[in-house]
Amino acid sequence: MTTPDQEQEARPSESYARRQNVIAASVLFVVGAGAALLSWQLGIGDLADPGPGMWPLIVSVAMAVIAVVLVVRSAPTGEEERFGRESLVVAAGVVSLLGYVFLFERVGFEIPTVALLVLWLKLLGRESWLMTAIVSLSATTAIYLLFITGLGVSLPHIVHF
């Protein structure tokens, strides 16, 4: 159990907390703006005949707008924590998603999906091997059955039924 003094020491200063809030919102803005640009390049069509970039554009613009609001309201709330070891878990999650995207088109979705779920559940979430195996395989199978078999979505895959 932490004492109030220890808890106060763990909290960042007000300027550090504000800087953290601005950096986090700025990252969100950059991702939203980049996604908006890529969505626009896909082609947005019009409301009567939406293109493949329409919904990604709407979501990414909403992200960018929310990021601007977060920068404007970046005053510390007192709930901020210092960047530390837990921040590395978030970074590992982001890097693993980038690896997933890279492998998805090259290998198919099954192996990267199972690998991502194993990484997240076992290493980042510290679940048991049994729970990790059950959830990873079940989720991948459910995705396959829902999207490829049920909805006929053209995902790159190596297993054919």
Asks: If you group Ile, Leu, Val, Met, Phe, Trp and Tyr by side-chain heavy-atom gaps below 4.5 Å, do Ile66 and Val69 land in one group?
Replies: no
Asks: Identify every side-chain donor-acceptor pair in residues 114-134 under 3.5 Å, counting partners at least two apart or on other chains, and give the distances.
Replies:
from: Trp120; atom 1: NE1; to: Ser96; atom 2: OG; distance (Å): 2.8
from: Lys122; atom 1: NZ; to: Glu127; atom 2: O; distance (Å): 3.0
from: Ser128; atom 1: OG; to: Met131; atom 2: N; distance (Å): 3.1
from: Thr132; atom 1: OG1; to: Ser128; atom 2: O; distance (Å): 2.8

Asks: Partners of Val107 by side-chain contact (heavy atoms from CB on, under 4.5 Å), sequence neighbours excluded?
Replies: Leu103, Ile111, Pro112
Asks: Ignoring hydrogens, what is the shortest heavy-atom contact between Ser74 and Val71? Give both atom names and the distance.
Replies: OG-O, 2.9 Å
Asks: Enumerate, atom names and distances included, each donor-acceptor pair closer than 3.5 Å involving a side-chain atom of residues 28-50, sequence neighbours excluded.
Replies:
from: Ser39; atom 1: OG; to: Ala35; atom 2: O; distance (Å): 2.7
from: Ser39; atom 1: OG; to: Leu57; atom 2: N; distance (Å): 3.4
from: Asp46; atom 1: OD1; to: Ala48; atom 2: N; distance (Å): 3.1
from: Asp46; atom 1: OD1; to: Asp49; atom 2: N; distance (Å): 2.7

Asks: Verify the cluster assignment for Phe102 and Leu98: are they in a single hydrophobic cluster under the rule of side-chain heavy atoms below 4.5 Å apart?
Replies: no
Asks: Listed by chain and number, what are the ring pair (Phe, Tyr, Trp, His ring centres under 6.0 Å) partners of Phe147, not counting sequence neighbours?
Replies: none
Asks: I'd like to check the ring pair (Phe, Tyr, Trp, His ring centres under 6.0 Å) partners of Tyr16; sequence neighbours left out, ordered by chain and number.
Replies: none
Asks: What about Phe104 and Leu97, same hydrophobic cluster or not, with Ile/Leu/Val/Met/Phe/Trp/Tyr joined at side-chain heavy-atom distances under 4.5 Å?
Replies: yes
Asks: According to a 4.5 Å side-chain heavy-atom criterion applied to Ile, Leu, Val, Met, Phe, Trp and Tyr, with indirect links allowed, do Ile143 and Leu151 form part of one hydrophobic cluster?
Replies: yes
Asks: Of all the heavy-atom pairs spanning Asn21 and Pro76, show the shortest one and how long it is.
Replies: ND2-CA, 4.0 Å
Asks: To the nearest 0.5 Å, what is the distance between OH (Tyr144) and CG (Leu155)?
Replies: 10.0 Å
Asks: What's the spacing between Leu137 CG and Thr113 OG1 if we round to 0.5 Å?
Replies: 11.5 Å
Asks: Which Ile, Leu, Val, Met, Phe, Trp or Tyr residues join Val95 in one cluster when any pair of side-chain heavy atoms under 4.5 Å counts as a link?
Replies: none
Asks: I need the Ser13 OG to Arg18 CZ distance, nearest 0.5 Å.
Replies: 12.5 Å
